Amino acid sequence: MLDVCQVKIGDYTLFGPGVQIYTATHPLNAKLRRQQEFGKSVEIGSDVWVGGAAVICPSVTIGSGCVIGAGSVVTHDIPTGVLAADNPCRVIREVTDI
């Protein structure tokens, strides 16, 4: 975890090995990058399963009950109760009992 800002993780959330959570970010402008760093929080709901080697980028919210596929790069918010995977991470389908 690179936590220059708040990281919230809900109850019963599971992480595979090598998961990375980043809150630090930098300006795109090279001159500003030499002088500035800032953070954006990350929030992960309850009962989430994050597969191994996934990367969760700054300012992302992952809803409760989600499954994030191994190796995914989560660059934007993921709604509640879905299976999401890929690079960049995208919703594949809703999570069902099967």
Side-chain angles (χ1 to χ4, degrees):
M1 246 185 266
L2 182 56
D3 59 347
V4 302
C5 223
Q6 187 173 40
V7 176
K8 292 183 181 179
I9 299 171
D11 295 334
Y12 307 107
T13 290
L14 304 172
F15 295 96
V19 171
Q20 300 173 58
I21 301 172
Y22 302 138
T23 63
T25 189
H26 305 274
L28 295 177
N29 178 288
K31 288 182 182 179
L32 291 176
R33 244 192 334 264
R34 294 179 201 153
Q35 302 169 339
Q36 296 178 3
E37 176 181 359
F38 54 95
K40 295 182 177 182
S41 63
V42 169
E43 187 169 343
I44 301 169
S46 298
D47 295 305
V48 174
W49 174 20
V50 182
V55 174
I56 301 170
C57 292
S59 80
V60 165
T61 297
I62 298 173
S64 293
C66 286
V67 176
I68 305 297
S72 296
V73 178
V74 185
T75 59
H76 62 275
D77 293 350
I78 304 296
T80 298
V82 297
L83 166 65
D86 218 340
N87 181 4
C89 190
R90 62 184 178 80
V91 173
I92 307 236
R93 64 176 176 84
E94 289 186 18
V95 173
T96 59
D97 290 339
I98 298 175

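Model, not experiment: these values are computed from the prediction.
Note on Val82 and Val19: same hydrophobic cluster, where clusters join Ile, Leu, Val, Met, Phe, Trp and Tyr whose side-chain heavy atoms are under 4.5 Å apart, directly or indirectly. At a threshold of 4.5 Å between side-chain heavy atoms, the hydrophobic network of Ile, Leu, Val, Met, Phe, Trp and Tyr places Val67 and Leu14 in one connected group. Leu83 and Val50 fall into different hydrophobic clusters, where Ile, Leu, Val, Met, Phe, Trp and Tyr residues are linked whenever their side-chain heavy atoms come under 4.5 Å apart, directly or through other members. Val91 and Ile68 fall within a single hydrophobic cluster, where Ile, Leu, Val, Met, Phe, Trp and Tyr side chains are chained together by heavy-atom contacts under 4.5 Å. Cluster annotation: Val60 is not connected to Ile92 through the hydrophobic network of ILVMFWY side chains, with a link wherever side-chain heavy atoms come within less than 4.5 Å.
Considering CZ of Phe15 and CD1 of Ile56, their distance stands at 6.0 Å, rounded to 0.5 Å. Separation of atoms OG1 (Thr61) and CD (Glu43) is listed at 5.0 Å; rounding is to 0.5 Å. Once rounded to the nearest 0.5 Å, the distance linking CD of Gln36 with CZ of Phe38 reads 7.5 Å. Taken from NZ in Lys8 to OG in Ser46, the straight-line distance is 12.0 Å, to the nearest 0.5 Å. Rounding to the nearest 0.5 Å places CD1 of Ile44 at 5.0 Å from CD1 of Ile9. Rounding to the nearest 0.5 angstrom, the gap separating the NE2 atom in His76 from the CD1 atom in Ile62 is 10.0 Å.
Within a 6.0 Å radius of CD in Gln20, more than 12 heavy atoms belonging to other residues, nucleotides or ligands are found.
In terms of heavy atoms, His26 sits closest to Arg33 at CB-CG, 3.7 Å. Scanning both residues, Cys5 and Ser41, for their nearest heavy atoms gives SG-N, 3.8 Å. Annotation for Val42 and Thr23: closest pair CG2-CG2, 4.0 Å, computed over non-hydrogen atoms. Closest approach of Ser59 to Asp77, counting heavy atoms only: O-OD1, 3.6 Å. Here the shortest heavy-atom pairing between Leu32 and Asn29 reads N-OD1, 3.0 Å. Smallest separation of non-hydrogen atoms from Gly45 and Thr13: O-OG1, 2.7 Å.
Of the possible donor and acceptor atoms, none in the side chain of Thr80 sits under 3.5 Å from a partner among the backbone N and O of Gly63.
Under the 4.5 Å side-chain criterion, counting only non-hydrogen atoms from C-beta, Thr75 is in contact with Cys57.
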